[in-house]
Amino acid sequence: MKKLTTNQIRKMWLDFFKEKKHHFLAPVSLIPVDDPSLLWINSGVATLKPYFDGRKTPPAPRLTNSQKAIRTNDIENVGVTARHQTMFEMLGNFSIGEYFKKEAIEFAWELLTSSKWFAIPVDKLYITVFSEDKEAYKIWTEVIGIAPDHIFSLGRETNFWDVGQGPCGPNTEMFFDRGEKWDPKKIGPRLIADDIENDRFIEIWNIVFSQFNNDGTNNYTELPRKNIDTGAGLERIASIFQDTPTNFETDIFFPTIKKVETLCDPQYTYSIDNYMNPTPEQTKINTAFKVIADHVRATSFAIADGVFPGNKDRGYIIRRLIRRSSVYGKELGIRTAFLYKLVIEVINAMGEFYPYLKTKQTLIEEAIRTEEEKFLKTLAKGYELLEKIINEDNKVSAKNALLLFESFGFPIEQTLEIAEKRNVDVDLVGFEKLLAETKESTRNARKDLKAWDKQNELFTKLTVESKFTGWEETEHENSQIVFMFSGQQEIQTVTNDTTFVILDKTPFYAEKGGQAADTGTMSNDTANAIVLDTQQGPNHQHIHQIKVNGTLKVGDHITAKVDEDKRIYTMKNHSGTHMVHSALREVLGSTVMQAGSFNDENGLRMDFTFNRNATEQELKAVENLVIKKIHESINREVHFCSMNDAINKYHALAFFADKYDDIVRVVKFGDFSSELCGGTHVENTKDIEDFIITGIESKGSGLFRIKCLTSFETVNEYLRNQFKHYFEEVEILIDKYNIAKNHLVDKQIEQHFDKIKSLEISKNNLDIVKKLISEFKDLYKSYDKKINDILMAQKLNQFKDLKPTLNSHGVNEIKLFTKGLNIADLKQLADELRNKFADLILILGSETENDNFIVVAVSRSLQNKYRAIDIFNNLKEFTTKGGGNANLAQGKYFYKQ
Ligand code: ATP
Ligand code: MG
């Protein structure tokens with residue numbers, strides 16, 4: 001067997017498929033784009049969905065890649081099985097409607113066995129196929145010449161890929177035999193045939209023949225266009241070529257493990273021998289090393305892609321990985337934050353294929369270090385709390401165990417361990433039940449779906465040419481209708497109906513890259529149509545949804561006219577999006593990465609990643625910078641060029657580019673902004689006119705959404721509305737003041753109000769008005785309190801001559817039943833009377849419109865004999881509802897029936 005490094009294996013794979021005319025796709029971010037069904041990219045093919053379901057035409061029908069993927073449902077397997085990682089790399093080759101079973105199998109065999117490539121001895125390889133797939137079986141045995149005892153026909157569970165509805169098909173798997181050493185019971189190839197979990201036969205490659213469509217009720221029909229989708233785990237192949245017991249001793253992870261050994265308590269070392277002759281203690285130690293090495297790699301990559309530790313979604317996964325590794329670090333005797341020290345090992349192992357990691361080293365280290373330090377602090381608090389719980393309750397209830405786990409990130413194993421040492425019980429069963437309940441309720445609706453959208457045959461076969469002219473014009477006079485369809489049916493003519501058309505030349509922009517679709521009209525002598533929507537077809541055609549009045553036929557010439565007003569304002573907002581993106585990066589730093597945007601005629605919003613909240617000053621600086629650039633009147637440049645030129649010559653930002661196109665389009669405003677973009681833009685920054693940030697919100701996991709407006713008209717209207725809203729707020733208060741001022745005049749309030757009302761509506765005054773309003777509210781609050789005191793004093797004034805009389809027990813008592821006082825008034829009156837007279841019992845009642853209120857109070861000196869609450873509960877004339885103590889009782893009273 002050849003000895004190959006991971007980098008050599010990856011390169012050999014990609015070189016092989018490039019030689020077989022496959023187009024190489026560079027790895028893309030772990031964050032799925034435009035795919036709410038996935039939390040993470042979880043396979044190589046997940047990045048190619050639009051090509052497979054026909055929404056987009058692939059750059060070539062043959063593709064190859066090596067794609068990083070995260071599978072959160074494998075986290076618990078990490079360090080326990082030999083071959084699961086949280087993040088792994090999947091090598092793949094794909095055919096989109098081109099070659100099928102024979103070529104796919106031939107390619108695989110050549111790559112695996114040819115001496116020029118992997119050169120794996122033929123007798124080391126085993127194959128499985130789906131039992132009903134006679135074709136694949138025949139190719140393997142007759143074309144390739146696999147010996148009958150090296151191929152197994154198996155059932156649906158292992159060899160048919162189906163997710164209910166959508167494309168599906170049989171697959172064929174290739175296994176590598178690591179020899180009897182890994183098969184202690186000497187079971188042999190039956191391990192494959194009977195699908196027995198084992199370490200001898202490693203599945204290295206899986207080819208899915210996407211052949212049928214499942215209509216959802218297991219009716220299978222042949223797909224119009226058949227695809228090949230393959231996946232091979234790079235780490236597993238590395239362990240074969242490096243002959244290591246698990247994936248963790250390969251050159252990807254082992255340097256990290258070795259580094260951990262230098263940081264942990266020297267009594268712990270990683271033992272390779274443990275795999276063959278395991279001892280429980282060493283297994284535990286090895287697992288800790290493996291988990292740490294795995295998690296720090298996944299975390300580093302995720303952070304590099306813009307995911308920061310947080311409380312939700314992706315951010316939460318990263319937080320969990322950091323916490324888990326930190327806890328495992330503790331098991332190895334590490335007491336301080338250490339994970340960030342391993343980042344350099346990840347970069348050394350992975351940097352060749354992922355050079356951007358190096359440029360993000362500091363960012364990754366800092367994000368990990370901060371998170372781990374924060375965690376260690378909460379963990380210390382958890383220890384304290386657990387101590388307290390044990391001392392007070394002498395047990396740990398399910399609720400407390402969950403509290404420790406959820407709020408303090410305190411692992412249940414630690415709770416159990418400490419409780420055991422202290423000889424107290426933990427309600428583990430209850431804890432697990434509670435945990436399952438919370439998990440269930442917070443379970444993410446997203447499922448790791450692998451399904452493609454159903455193929456629409458008509459749609460995927462659309463090859464008619466259509467040219468977009470809308471970068472230069474908003475009206476095209478002589479466009480010809482070249483294709484029309486309704487539902488899944490091609491049609492030739494439409495009368496008074498809604499339908500879809502494609503034009504040979506169209507000025508209508510199709511929704512894409514965050515820019516809204518153009519709308520407008522199409523017309524000729526026979527018909528007028530409203531263009532409701534414009535979307536992209538598989539070959540970049542713009543497909544218009546139109547509502548026709550009259551009759552239109554394929555071949556007709558029409559005038560296509562974009563709603564110009566809408567387009568102009570959309571352009572301002574799209575250019576504004578580029579400006580705010582650059583400004584954010586300049587003010588907050590280049591860790592800001594755009595993560596989606598949307599702009600139409602009404603405004604713009606942009607999502608971006610950043611590891612903390614931006615301050616008000618920073619946002620102001622961003623706003624000012626954009627305005628400065630508008631005032632600088634920078635001309636727009638557009639360059640059609642290679643990706644290489646876009647990045648190196650024009651320094652374009654390219655996070656979400658259509659990276660597979662040969663020629664890309666760069667939109668550039670001087671040195672300030674340069675982005676890959678197919679959108680329509682203003683000619684000069686001064687055409688954006690004006691700019692304002694109207695809000696920013698956190699979307700969790702280090703993702704923020706900023707909202708902005710452009711153009712004089714829109715910004716002014718926004719300001720008018722804001723001011724109107726603020727004025728209305730103070731007017732409500734000033735109306736109340738005008739009524740109350742008979743009792744008390746407050747010059748300060750009046751002046752403040754005048755000041756607010758006289759403010760001119762302008763951007764500069766927006767902050768001033770906000771400040772004045774909040775001051776005004778404070779002033780009014782203290783004024784309101786004064787007024788209430790005055791009103792209460794006036795109300796209570798009528799009782800100023802009240803005097804106690806002796807009751808039947810010879811104790812001072814004031815008993816008053818009156819009207820119009822509420823509980824607060826009664827309590828105030830009780831306080832005043834108790835201050836005035838000593839040794840007193842008070843029974844004060846009042847009827848109001850809605851309720852009868854009562855307060856009973858007893859002077860402190862009498863409370864050993866008479867308790868307010870007892871008197872309250874035992875009144876002769878009334879029943880009462882309420883509560884209190886010896887000093888005071890309050891509530892409502894009711895006449896006895
Ligand atoms: P397994 O049963 O081992 O979890 P799988 O059936 O989930 O594998 P596929 O979905 O077929 O795997 O993915 C294709 C290849 O990706 C696998 O053959 C394997 O080499 C690799 N792979 C899958 N999951 C992981 C993982 N968590 N860590 C490393 N490699 C993986
Ligand atoms: Mg799996």
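In listed order, ligands and their atoms are each counted from 1. Just so we're clear, the structure is a prediction, and the values are computed from it rather than from any experiment.
At a 3.5 angstrom cut-off on N or O pairs, G233 counts as close to ligand 1. Between H84 and ligand 1, an N or O atom pair is found at a separation short of 3.5 Å. Between N247 and ligand 1, not a single N/O pair is under 3.5 Å apart. The shortest N/O to N/O separation between R71 and ligand 1 falls below 3.5 Å.
The aromatic rings of F241 and F118 lie tilted to each other, with the angle between the two planes from 30° to 60°.
Per-residue contacts place E203 under 4.0 angstrom from the following atoms of ligand 1 (heavy atoms of the residue considered): 18 (O). Near Q85, with a cut-off below 4.0 Å to any heavy atom, the atoms of ligand 1 are 26 (C), 27 (N), 28 (N), 29 (C). Annotation for ligand 1: atoms under 4.0 Å from non-hydrogen atoms of N206 are 11 (O).
For M90, every heavy-atom contact with ligand 1 shorter than 4.0 Å involves the side chain, none the backbone.
Checked against side-chain hydrogen bond (donor to acceptor under 3.5 Å, both in side chains), R156 has the following partners two or more places apart in sequence or in another chain: D162, Y220. For K138, there are no side-chain hydrogen bond (donor to acceptor under 3.5 Å, both in side chains) partners at least two apart in sequence or on another chain.
Remark: F175 CZ to F201 CZ distance equals 9.5 Å, nearest 0.5 Å.
Between F248 and Y270, the gap from one ring centroid to the other reaches at least 6.0 Å.
Under 4.0 Å is where a charged nitrogen must lie from a carboxylate oxygen, and between K258 and E261 at least one such pair does.
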